[in-house]
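Working notes, structure below.
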Amino acid sequence: MQDEYCTVARAGVHETEVNRSRFLCALAPAATEQEAQDFIAAVRKEHADATHNCFAYVIGADGAVQKASDDGEPGGTAGVPMLQMLLRRDMRYVVAVVTRYYGGVKLGAGGLIRAYGGAVGEALDTLGSITRRRFRLATVTVDHHRAGKLQNDLRATGREVRDVRYGEAVTIEIGLPDADVPAFEAWLADATAGTAGFELGGEAYGDA
């Protein structure tokens with residue numbers, strides 16, 4: 001698995017104009033290919049009267065799923081330059097749709113490639129990106145009278161407390177970088193006089 005990846009900070013739309021053609025780039029984070037396809041369908045519905053709705057998306061921290069469509073533009077002049085821009089910026093789990101309203105001036109293949117790729121690049125600049133880093137999920141189990149102080153200590157030391165559940169004992173779910181696990185176990189034993197339970201879970205990604 002990749003240790004980290006970049007994705008778009010938020011969904012949004014950025015508009016540019018090239019030789020009287022309007023290019024609206026809609027960008028959004030997408031956790032799955034289905035989410036990307038749903039976003040594309042929604043943009044196409046919103047701009048059903050547009051000349052073209054071209055798209056590109058990259059899913060997976062390693063970029064395992066990559067799709068692009070020219071939607072009627074000459075082959076390789078829209079979807080591919082959009083996809084190349086996403087990859088050049090190391091973007092993952094992201095979908096881009098560029099809607100074109102034709103302005104009456106033909107741009108030629110080179111002009112289209114620059115316009116579609118540029119629309120995605122400008123939208124990324126406008127909306128910004130965030131880095132998400134891989135970590136291990138871990139569960140800490142502690143008795144009730146130690147739980148409040150332990151939660152405060154965890155937050156004070158910059159640990160991400162993801163969930164707290166109260167039962168016979170208190171279960172606190174946290175996220176840890178792999179490299180921090182041994183040191184954290186030693187800290188936990190010291191902080192709770194060896195009374196806390198600790199169990200490692202699976203892997204996930206969170207904001208860096």
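All values reported here derive from a predicted model rather than from experimental measurement.
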Transitively linked via ILVMFWY side-chain contacts under 4.5 Å: [X] with [Y]?
X      : Y      : value
Val8   : Ile40  : no
Leu112 : Val80  : no
Leu24  : Val105 : no
Phe55  : Val98  : no
Phe198 : Val142 : yes

Quiz item: What is the ring orientation for His47 with Tyr101, classed by angle as parallel under 30°, tilted 30 to 60°, or perpendicular over 60°?
Solution: perpendicular

Quiz item: Relative to each other, are the rings of Phe23 and Tyr116 parallel, tilted or perpendicular (30° and 60° limits)?
Solution: perpendicular

Output the distance between atom [atom1] ([X]) and atom [atom2] ([Y]), rounded to the nearest 0.5 Å.
X      : Y      : atom1 : atom2 : result
Arg10  : Thr126 : CZ    : OG1   : 8.5 Å
Leu188 : Leu150 : CG    : CG    : 6.0 Å
Gln34  : Phe39  : CD    : CZ    : 14.5 Å
Thr171 : Glu199 : OG1   : CD    : 10.0 Å

Mind checking whether [X] and [Y] have side chains closer than 4.5 Å, heavy atoms only?
X      : Y      : result
Ile172 : Thr139 : no
Asp143 : Glu168 : no
Val95  : Leu27  : no
Arg132 : Arg92  : no
Val140 : Phe184 : yes
Thr195 : Arg146 : yes
Phe135 : Arg162 : yes
Ile174 : Leu154 : yes

Which atom names give the shortest non-hydrogen contact between [X] and [Y], and what distance separates them?
X      : Y      : result
Ala96  : Cys25  : CB-SG, 4.5 Å
Ala30  : Ile59  : O-CD1, 3.6 Å
Pro81  : Gly76  : CD-O, 3.4 Å
Thr99  : Asn53  : OG1-OD1, 2.6 Å
Thr141 : Ala169 : CG2-CB, 3.7 Å
Ala9   : Leu127 : CB-O, 3.6 Å

Practice problem: Could I get the full list of ring pair (Phe, Tyr, Trp, His ring centres under 6.0 Å) partners for Tyr102, not counting sequence neighbours? | Solution: none

Holding to salt bridge (charged side-chain N to carboxylate O under 4.0 Å, His left out), I want the full list of residues that pass it with [X], two or more places apart in sequence or in another chain.
X      : result
Arg44  : Asp71
Glu185 : none
Glu17  : none
Glu15  : Arg22

[X] side chain to [Y] backbone, donor-acceptor under 3.5 Å:
X     : Y     : value
Thr7  : Tyr93 : yes
Asp70 : Gly79 : yes
Glu35 : Ala31 : yes
Thr77 : Glu73 : no

Self-check item: side-chain contact (heavy atoms from CB on, under 4.5 Å), paired with Met91, selected from Leu83, Val58, Leu124, Val120
Solution: Leu124

Quiz item: Does Arg114 CZ have over 12 foreign heavy atoms under 6.0 Å away?
Solution: no

When you compare the side chains of [X] and [Y], does any donor N or O come within less than 3.5 Å of an acceptor on the partner?
X      : Y     : result
Ser129 : Arg89 : no
Gln66  : Tyr57 : no
Arg100 : Ser21 : yes

Quiz item: Of all residues at least two apart in sequence or in a different chain, which pass the side-chain hydrogen bond (donor to acceptor under 3.5 Å, both in side chains) check with Asp153?
Solution: Lys149

Practice problem: Please assess Arg165 against Val170 for the test side-chain contact (heavy atoms from CB on, under 4.5 Å), listing each intermediate value before the final yes or no. | Solution: CA-CA 6 Å; Arg165 297 185 296 279; Val170 180; over 6 Å; no

